[in-house]
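Every number for a ligand or one of its atoms is a count from 1 in the order of the listing. Quick note: residue numbers are just sequence positions, from 1.
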Amino acid sequence: MKENTFTMIDNQTGKRYEFDVIQSTRGPSAIDISSFYSQTGKFTYDNGFTSTASCKSEITFIDGLKGELRYRGIEIGELATKHSYLETCYLLLNERLPNKQELAEFDLEIRHRSLLHESLRHLFQAFPAGAHPMATLSSATAALSTFYYDHLNIADEDGYQEMARRIIAKMPTLAAFAYRHSIGAPFIHPDIERSFSENFLYMIRAYPGGTMRIELEGEKKIKDIEIEALDTIFTLHADHEQNASTTTVRSVASTGAHPYVAISSGISALWGRAHGGANESVIAQLEMIGSVENVDKYIAKAKDPNDPFRLMGFGHRVYKNFDPRAKILKGLQDQLKDELQLDSRLMEIAHKIEDIALHDEYFIKRNLYPNIDFYSGVIFTALGIPRSMFTPLFVIGRTTGWITQWIEFKKDRTMKIARPRQIYIGE
Ligand code: ACO
């Protein structure tokens with residue numbers, strides 16, 4: 001028996017099969033079962049991929065038991081507190097943090113690339129008024145591939161990086177346009193004098209001509225604390241290894257389709273309530289609960305196996321401990337409480353839910369902790385972000401992760417088309 005192999009025995013025939021073990025640098029190693037079918041004539045079955053690694057990756061590491069998250073080896077808390085979102089983007093794309101000069105150049109390029117082609121603007125008008133911004137955003141991102149169609153010719157680092165910088169820069173503009181169309185407001189173009197995160201708030205809030213809202217006491221500026229909070233939120237969302245939307249992006253990439261179409265598919269996957277759409281559902285659920293007196297009733301519903309009701313913002317496939325991003329957001333909530341007038345009624349309900357759940361047998365037994373979406377909504381609301389824009393905000397942050405994963409996929413010559421098998425149970 002070779003070292004670094006894994007032996008399986010078929011109890012029906014007594015035959016033994018040996019498989020190589022692939023070592024990771026952190027976290028569990030994996031059994032290479034790519035020859036399983038050819039050796040045994042059988043498939044493996046893993047509903048929801050709970051035990052299946054789909055790729056080798058150097059980008060993000062999660063230890064779900066410890067509640068640890070690292071991008072390129074750097075702990076998320078350090079990135080969120082000491083570095084900007086654009087530094088994090090640079091880190092994900094270039095495998096190291098930028099120096100001052102590199103950051104300045106990267107920032108400048110992102111600002112200049114934030115504008116959309118004028119023809120793309122007309123696309124938004126084709127969608128019905130009131131369309132959810134996630135639907136419009138997914139379509140508009142796919143439509144970007146009609147403007148930058150040379151993807152088949154990109155096979156070098158410069159080409160990949162240009163694709164990446166362009167989509168990172170344009171996503172906030174696409175999201176803001178999707179929102180403004182959904183409420184029938186005129187589009188506000190990005191202002192290259194403003195930073196990445198400030199620009200997004202500006203495009204959401206400004207009046208035509210670039211004027212910000214005027215209030216009785218004077219012109220209301222976008223506050224620094226708001227820009228910093230949003231920037232941190234983007235960093236926390238930047239990547240999360242092989243989640244449902246990233247896996248979708250990689251699957252589409254595996255067919256050789258255009259990267260922006262792959263990202264559009266990722267946006268669609270993110271929209272669901274079990275994934276990024278949970279941030280919108282959390283606030284809707286807190287409002288439905290309405291007051292702390294009703295919390296017990298809803299906790300009982302969440303625990304009832306015959307009731308489909310779930311506590312939104314609770315539970316995670318990988319984290320069986322506190323989601324480290326949720327911890328940082330909880331701290332941010334406390335920090336912003338006074339300056340941004342966070343909704344104290346919703347926070348009170350959220351605190352009671354958290355308190356009960358963290359001490360309740362049902363949640364403890366299943367390792368159900370608050371996830372990133374449990375805390376983000378209250379902060380988004382305080383930043384004046386409308387509810388329909390919560391998931392698009394997640395998209396803006398995650399775009400960097402998706403395109404970095406797309407690049408890694410393209411550069412890995414061993415990757416194959418994603419094509420799972422099935423267990424046929426029909427006639
Ligand atoms: N409320 C109540 N019970 C729950 C919850 C919840 N939020 N989440 C899981 N459970 C229970 C399940 O009913 C199940 O119980 P059982 O063993 O008695 O049948 C057990 O916990 C395991 O749940 P699964 O659905 O098997 O766990 P899975 O890893 O497949 O799902 C998921 C993870 C989708 C996140 C789930 O916890 C959930 O639906 N949470 C609510 C939605 C949410 O917050 N999504 C955001 C995730 S973070 C992100 O994507 C950015």
- Message: Taking CZ in Arg419 as the centre, count heavy atoms belonging to other residues, nucleotides or ligands within less than 6.0 Å. Is the count above 12?
- Response: no
- Task: Give the residue and atom name of whichever protein heavy atom lies nearest to atom 9 (C) of ligand 1, and the separation in Å to one decimal.
- Result: Leu368 CD2, 3.5 Å
- Query: Does the protein put any heavy atom within less than 4.0 Å of atom 18 (O) of ligand 1?
  - Reply: yes
- If you scan protein heavy atoms around atom 45 (N) of ligand 1, the nearest is Ala274 O, 3.0 Å
- Task: Counting heavy atoms only, name the option from His240, Arg366, Arg310 that's nearest to atom 12 (C) of ligand 1.
- Result: Arg310
- Item | For Phe394, atoms of ligand 1 separated by under 4.0 Å from a heavy atom | 51 (C)
- Query: Got the closest protein heavy atom to atom 42 (C) of ligand 1, with its distance?
  - Reply: Arg273 O, 3.7 Å
- Would you say the ring centroid of His275 lies under 6.0 angstrom from that of His240? no
- Message: Please list the nearest protein heavy atom to atom 7 (N) of ligand 1 with its residue and the distance rounded to 0.1 Å.
- Response: Leu311 O, 2.7 Å
- Query: Who's the nearest protein heavy-atom neighbour of atom 43 (C) of ligand 1, and how far?
  - Reply: Ala278 CB, 3.6 Å
- Query: In ligand 1, which numbered atoms sit nearer than 4.0 Å to a non-hydrogen atom of Asp373?
  - Reply: 46 (C), 48 (S), 49 (C), 51 (C)
- Query: What residue and atom, counting heavy atoms only, is the protein's closest point to atom 11 (C) of ligand 1, and at what distance?
  - Reply: Tyr362 OH, 3.5 Å
- Starting from atom 35 (C) of ligand 1, find the nearest protein heavy-atom neighbour and note its residue, name and distance. Gly315 O, 3.7 Å
- Message: Distance under 4.0 Å to a non-hydrogen atom of Ala302: what atoms of ligand 1 satisfy this?
- Response: 2 (C)
- Using 30° and 60° as the class limits, which term best fits the ring planes of Phe43 and Tyr37: parallel, tilted or perpendicular? tilted
- Query: Does atom 49 (C) of ligand 1 have a protein heavy-atom neighbour under 4.0 Å away?
  - Reply: yes
- Query: Can you tell me if Lys303 has a non-hydrogen atom under 4.0 Å from ligand 1?
  - Reply: no
- Test item: protein heavy atom less than 4.0 Å from atom 29 (O) of ligand 1: yes
- Query: Would you call Glu157 and Lys411 a salt bridge, using N to O less than 4.0 angstrom?
  - Reply: yes
- Is the Phe309-Tyr298 ring centre distance short of 6.0 angstrom? yes
- Message: I'd like to know if Asp10 and Lys42 make a salt bridge, using a cut-off of under 4.0 Å between side-chain N and carboxylate O.
- Response: yes
- Could you tell me whether Glu339 atom CD has more than 12 heavy atoms of other residues or ligands within 6.0 Å of it? no
- Item | atom 40 (N) of ligand 1 - nearest protein heavy atom and its distance | Phe314 O, 2.9 Å
- Item | Residue part near ligand 1, for Thr50, under 4.0 Å between non-hydrogen atoms | neither
- Message: Check this for me: Tyr149, atom OH, are more than 12 non-hydrogen atoms of other residues, nucleotides or ligands nearer than 6.0 Å?
- Response: no
- Before accepting this row, confirm whether a basic side-chain N of the pair Asp107/Arg111 lies closer than 4.0 Å to the acidic partner's carboxylate O. yes
- Message: Test of understanding: given a 4.0 Å heavy-atom threshold, classify the contact between Arg317 and ligand 1 as side chain, backbone, both, or neither.
- Response: both
- Task: May I ask you to decide whether Lys352 forms a salt bridge with Asp355, counting only side-chain N to carboxylate O separations under 4.0 Å?
- Result: no
- Item | Aromatic ring pairing Phe177/Phe124, orientation class (parallel under 30°, perpendicular over 60°, tilted between) | perpendicular
- Message: Tell me whether Phe309 reaches ligand 1 (any heavy atom closer than 4.0 angstrom to a ligand atom).
- Response: no
- Message: As a test of understanding, state which of Lys327, Arg325, Arg26 forms a salt bridge (Lys or Arg N to Asp or Glu O under 4.0 Å) with Glu68.
- Response: Arg26
- Message: In terms of relative ring orientation, are Tyr85 and Phe234 parallel, tilted or perpendicular, with 30° and 60° separating the classes?
- Response: tilted
- Query: Would you say Phe374 contacts ligand 1, with heavy atoms under 4.0 Å as the rule?
  - Reply: no
- Message: Would you say atom 32 (C) of ligand 1 makes contact with the protein, given that contact here means a non-hydrogen protein atom less than 4.0 Å away?
- Response: no
